[in-house]
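For reference, the structure is listed below as structure tokens.
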Amino acid sequence: MQMKIYDSVKKEKVPFIPIKEKEATIYVCGPTVYDDAHLGHARSALSFDLLTRTLRALGYRTTMAKNFTDIDDKIIKKMSQTGMDLRELTQMYIDKYLSEMDALNVQRADIEPKATESLDAIESMISKLLESGCAYKISNGDIYFDTSKDSSYGSISHLNRDENENISRVCHADEKRDPKDFALWKACSGENDVCFNTSLGEGRPGWHIECSAMIEKHFEGDEKYTIDIHGGGADLLFPHHENEAAQTRCSTGHEIAKYWMHNGFVQIDGEKMSKSLGNSFFLKDALSIYPGELLRFYLISVHYRNDFNFNEVDLLSAKKRLDKLYRLKMRVMPTKASCVNKEFKNSLLGAMTDDLNSSKALSVVDTMISESNEKLDNEPKNKALKKEIAANIEFVDTLLGFGSSEPYEWFQYGISNEERVKIEQLIEERNLAKKEKNYSKADEIRDELSKMGVSLMDTAEGTKWEKRDSI
RNA sequence: GGCGCUAUAGCCAAGUGGCUAAGGCAGGAGCCUGCAAAGCUCUGAUCCCCGGUUCGAAUCCGGGUGGCGCCUCCA
């Protein structure tokens, strides 16, 4: 099956043909670790998690790198606010980020480089740029990239480099030769700065250089490209990725990436979520209310390139949709999986190989669920059928990353042991009443349970209960 | 000011030149059930507006209108 991706630089859907046959190399811009991760970080991580899962399912030996920017103005500001030192602060947010991504079932990147651990590569790339005259040092020791030396500058974002100048909101540093030039290295600016001693002088790297340097450090590529796919949020296209591309081009003579992928934004009630607007929805807060698996399912229900408008109404309807998978899983439960149904596998993979059409993939899952339920209605004791359904659900988990929970835990999320005992006691009482055909008593008990937020289902295998959604 | 994305049923959301426009949620009807729930079946839109290209367009082109984004740190 041919993987197709939308290349956001070419602006079209193209077949994915990797640099090396059967191998795929991906680099995604990760977070700057000065604060908690928000839903936007989750969306990005999920988008590229789907990418690696799909490529692996297709048999590509896939290497995924995602960096942590662990030195930056905002981090330094946070250090002075909290009194924490650099490592303490950044490691805390890295750990939080990773555990929150775990909760979303995002697979860990194979390589997780940090800027502060890549100074060697950064230093050598900046040195090369200085030697070739693509970079210059100003009087205070800052080193800037000279965008005029890169004739291809602008090819990533398609922005005309001169037209916007008058309107640009960028504040121009006095000694910059061109407003578009950007800092590669920031010279030490005083006691409160965090500085590293290198051949470039005391200072710290600019934001853009770390990605280019780390990619060169960890990947080989060929004479034309270093990696196959470079990804990140749509806001990174300019200037971040434009600058990365320029740095790599000028220091190595080849392009940084063969394909570019950018995920859309998460909005809250139709507005961009951003720190300056104060409407950030932190992942930790979402995870304190909703299961990570539900957030994952909800967030991948919209194609990764579209904007995502986060709201609780839609989240609840996503919950109901995911519930159906778990009810099916419950029906086939003690059964061990056999082989995934070939047609189902191909449909699901077909959706995902079409530029990660996860919306379509979810509809394929829905169809599988209702067809399976229908078959089980007709042949409740067909073991081979149950095994195949179990295998199908396992494949959903492999490719899309949900459906691996134990169904009872899923439906009884957030219920304490005490509540559980009480609920099960009441159910027993009700079953007794039912046996005696004392239906008014049975219904009374059911009402009581309903008030506790518990729904009952009488099935051939006994009475099952679920916690009703209260979100 | 420049560049770009987007507009599909009550809601969410695929589709991007051609059989009856996926799927989900909500709603309605039925089967099942002691009654329910769950599950199953049936049930809804001609695709923002105008013009054009075409045998044929939601799908391409032009012009409107609305929403969003990038051009400053941002996933």
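Naming convention: chains lettered A, B, ... in sequence-line order (proteins, then strands); numbering from 1 in each chain.
Applying the side-chain contact (heavy atoms from CB on, under 4.5 Å) test between A/Tyr93 and each of A/Asp95, A/Leu89, A/Thr90 identifies A/Leu89 as the sole match.
Ring geometry for A/Phe281 against A/Phe310 counts as perpendicular: the plane angle is over 60°, on a 0 to 90° scale with 30° as the lower cut. A perpendicular orientation is assigned to the rings of A/Phe402 and A/Phe297, their planes being inclined by more than 60° (bins at 30° and 60°). Using cut-offs of 30° and 60° on the angle between ring planes, the pair A/Phe395 and A/Phe344 is perpendicular.
Backbone-only engagement by A/Lys324 is indicated by non-hydrogen atom pairs under 4.0 Å involving sugar-phosphate atoms exclusively. Within the nucleic acid shown, A/Phe238 comes within 4.0 Å of sugar-phosphate atoms alone, with no base atom in reach, counting heavy atoms only. Nucleic acid contact class of A/Arg327 (heavy atoms, under 4.0 Å, all strands): sugar-phosphate only. As judged by a 4.0 angstrom heavy-atom cut-off over every strand, A/Asp235 is placed among the base-contacting residues. Note on A/Gly233: only backbone sugar-phosphate atoms sit closer than 4.0 angstrom, heavy atoms only; bases stay farther off. Residue A/Arg331 is classed as a sugar-phosphate contact, given heavy-atom separations below 4.0 Å to backbone atoms only. Among the protein residues, A/Asp72 comes within range of no part of the nucleic acid, since none of its heavy atoms lies under 4.0 Å from any strand. Contact annotation for A/Asp443: base contact, defined as any heavy-atom pair under 4.0 Å involving a base atom. A/His240 comes within 4.0 angstrom of nothing in the nucleic acid, heavy atoms only. When heavy atoms are screened at a 4.0 angstrom cut-off, A/Ser370 is found touching the sugar-phosphate backbone but no base atom. A/Leu456 comes within 4.0 angstrom of a base, heavy atoms only.
The interatomic distance linking A/Glu436 (CD) with B/rG34 (P) rounds to 17 Å, in whole Å.
Straight-line distance between the P atoms of B/rG44 and B/rG23: roughly 12 Å, to the nearest whole Å.
The side chain of A/Asn357 lies closest to B/rA14 when the candidates are B/rA36, B/rA14, B/rG23. Relative to the side chain of A/Val302, the nucleotides B/rC40, B/rC71, B/rA14 differ in distance, and B/rA14 lies closest.
The side-chain tip of A/Arg305 points at the ring of A/Tyr6 from less than 6.0 angstrom away and within 45° of straight on. A/Tyr34 carries A/Lys74 over the face of its six-membered ring, with the cationic atom under 6.0 Å from the centre and within 45° of the normal.
Looking only at atom types and distance, the side chain of A/Thr463 has a donor-acceptor partner in the side chain of A/Asn431 under 3.5 Å away.
Only A/Ser359, A/Lys360, A/Ser363, A/Asp366, listed by number, bring a heavy atom of residues 358-369 of chain A to less than 4.0 angstrom from any atom of RNA chain B.
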